[in-house]
There are 2 protein chains.
Amino acid sequence: MASSKRDHLVETALTLFYEQGFHATGIDTILREAGVAKMTLYNHFKSKDELIVAALDLHDARFLEWFAQRVDELADAPRDKLLVMFDVLEEWFNGDAFNGCVFINAAAEYGNCNDPVHEAAARHKRLTFDYIVDMAKQAGSVDPRGLGQQLLLLQEGAIVVAHVLDAPIAARQAKRAAQTLIDQALAG
Amino acid sequence: MASSKRDHLVETALTLFYEQGFHATGIDTILREAGVAKMTLYNHFKSKDELIVAALDLHDARFLEWFAQRVDELADAPRDKLLVMFDVLEEWFNGDAFNGCVFINAAAEYGNCNDPVHEAAARHKRLTFDYIVDMAKQAGSVDPRGLGQQLLLLQEGAIVVAHVLDAPIAARQAKRAAQTLIDQALAG
DNA sequence: AGTGAAATAAACAGATCGGTCTGTTTTTCA
DNA sequence: TGAAAAACAGACCGATCTGTTTATTTCACT
């Protein structure tokens with residue numbers, strides 16, 4: 001079990017980064033919370049930034065998996081899946097731990113697009129986009145990328161509004177807008 | 001001219017906070033850049049957080065004024081203003097200094113909704129919403145708040161996508177979606 | 001010209017930052 | 001069972017952090 005300590009460290013780091021932010025969370029805090037020695041961290045990672053990227057990559061895979069699974073549970077028809085996406089968002093917003101999107105937060109703290117942390121955030125959003133486009137394709141859209149772009153905008157907007165304005169209802173507003181856009185895109 | 005030093009300090013702080021983030025920008029850096037003594041800062045503000053709020057409030061007023069003015073320059077009819085909003089966004093995204101929305105970034109670093117910094121960010125987004133609702137009302141929408149919410153989602157989504165994915169074109173995609181939503185809302 | 005407010009420079013405080021180093025203990029596996 | 005690998009505790013490093021203190025200088029206004 002060579003990497004169990006490493007995994008636990010990344011897991012703890014992810015939680016703290018999400019709760020408190022990246023710059024605001026010190027290495028020592030993570031180590032104390034994880035119950036791990038400092039040298040263990042620096043044997044697995046060259047720097048705090050590498051730990052951040054590892055934490056983001058972990059959440060990337062896991063979040064998308066959770067998201068797609070919930071969508072599949074709530075709808076069967078591809079067209080319905082495009083819509084229930086926003087119900088899943090609402091679930092997320094209403095969860096206790098909701099503190100915005102950790103990738104948006106990461107890009108906010110690491111604004112330089114060439115920064116590895118920013119790149120990890122961009123990676124996730126690209127995969128999110130791919131997922132939506134795939135659903136749009138299955139729903140029979142003639143321009144799945146175009147529809148996907150519009151729905152992505154609504155999704156990201158909902159996340160931001162829900163967080164900044166503390167308004168989880170943004171998901172439902174986004175769903176209404178999505179309904180209109182989907183109807184228009186799949187008409188005829 | 002009692003407050004010229006103070007103004008210059010807030011101005012410098014705003015620039016640096018936007019460029020580098022809030023936690024990542026130290027007091028000393030701001031003071032050096034502004035050419036101001038440390039005691040001058042602490043005579044005007046009780047803490048760094050107060051300086052942050054002052055910087056955000058300054059940008060709040062100024063940004064909304066710039067935004068509304070550009071919208072007025074590009075369109076006359078209220079309905080057109082709802083649309084050219086997204087052209088103005090695109091101008092902003094394509095500017096050299098674009099690094100996302102400083103209020104979204106602030107909320108990302110200060111996630112707690114009761115934090116004065118977060119509250120300042122929320123204040124700005126509420127005013128942005130009010131502005132859009134007002135335009136929707138002038139455009140003759142029967143549900144200006146509903147339309148305003150949807151357009152706000154598109155706007156915030158465009159900002160996030162433009163920043164995280166380094167894709168200023170998000171503004172144009174948002175404009176297309178807005179066109180559809182506006183048509184639907186103002187139909188009949 | 002003189003007074004009081006405002007800004008200055010610079011040392012200082014105490015905590016924390018990311019990261020390194022050493023030496024010891026635990027775990028893993030052949 | 002024994003050697004290599006991994007994790008451990010914790011001291012230590014220099015730098016930086018926000019904020020305070022003190023004493024000096026600038027400057028507007030009467």
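Chain identifiers are assigned alphabetically (A, B, ...) following the order of the sequence lines, protein sequences preceding nucleic acid strands; residue numbering begins at 1 within each chain. In this text the structure is predicted, and so the values were computed from the model without any measurement.
- Side-chain contact check for B/Q149 versus B/D143: every heavy-atom pair is 4.5 Å or farther apart.
- Across all their heavy atoms, B/T12 and B/A34 have their closest contact at OG1-CB, 3.6 Å.
- Of the side-chain N and O atoms in B/T40, none sit less than 4.0 angstrom from OP1 or OP2 of C/dA6.
- One side chain, A/E73 or A/Q69, offers a donor N or O that lies under 3.5 Å from an acceptor on the other.
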Give the B/S/- string for nucleotides 19-27 of chain C, one per nucleotide from 5' to 3', where a protein heavy atom under 4.0 Å of the base yields B, of only the sugar-phosphate yields S, and otherwise -. BBBB-----
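- Between the side chain of A/N99 and the backbone N or O of A/Y18 there is at least one donor-acceptor pair closer than 3.5 Å.
- Between B/H23 atom NE2 and D/dT16 atom C1' there is a gap of 15 Å when expressed in whole angstrom units.
- For the pair A/N43 CG and C/dG18 P, the interatomic distance rounds to 18 Å; values are reported in whole Å.
- Between the CZ atom of A/R6 and the C1' atom of D/dA5 there is a distance of 17 Å, rounded to whole Å.
- In this entry the distance linking CG of B/L16 with P of D/dT18 reads 12 Å, nearest Å.
- Between A/D87 and A/R70 there is no salt bridge, since no side-chain nitrogen of the basic residue lies less than 4.0 Å from a carboxylate oxygen of the acidic one.
- Taking both residues in full, the closest heavy atoms of B/L153 and A/A170 are given as CD1-O, 3.9 Å, listed atom of the first, atom of the second, then distance.
- Look at CG on B/L31: it is 15 Å from P on D/dT16, rounded to the nearest Å.
- Of the charged side-chain nitrogens involved, none lies within less than 4.0 Å of a carboxylate oxygen, so that A/K175 and A/E90 do not count as a salt-bridged pair.
- With salt bridges taken as basic N to acidic carboxylate O contacts below 4.0 Å, one links A/R79 and A/D183.
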Between N or O atoms, less than 3.5 Å apart, protein on one side and nucleotides 24-26 of chain D on the other: list the pairs.
none

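- For the pair A/R32 CZ and D/dC8 P, the interatomic distance rounds to 15 Å; values are reported in whole Å.
- Whole-Å rounding puts the B/L41 CG to D/dC17 C1' distance at 14 Å.
- Residue pairs meeting the side-chain hydrogen bond (donor to acceptor under 3.5 Å, both in side chains) criterion with at least one member in residues 103-116 of chain A, sequence neighbours excluded, are A/H23-A/E109.
- Side-chain nitrogen and oxygen atoms of B/H44 include at least one within less than 4.0 Å of the OP1 or OP2 phosphate oxygen of C/dA7.
- Among the heavy atoms of the strands, none lies under 4.0 Å from B/T29.
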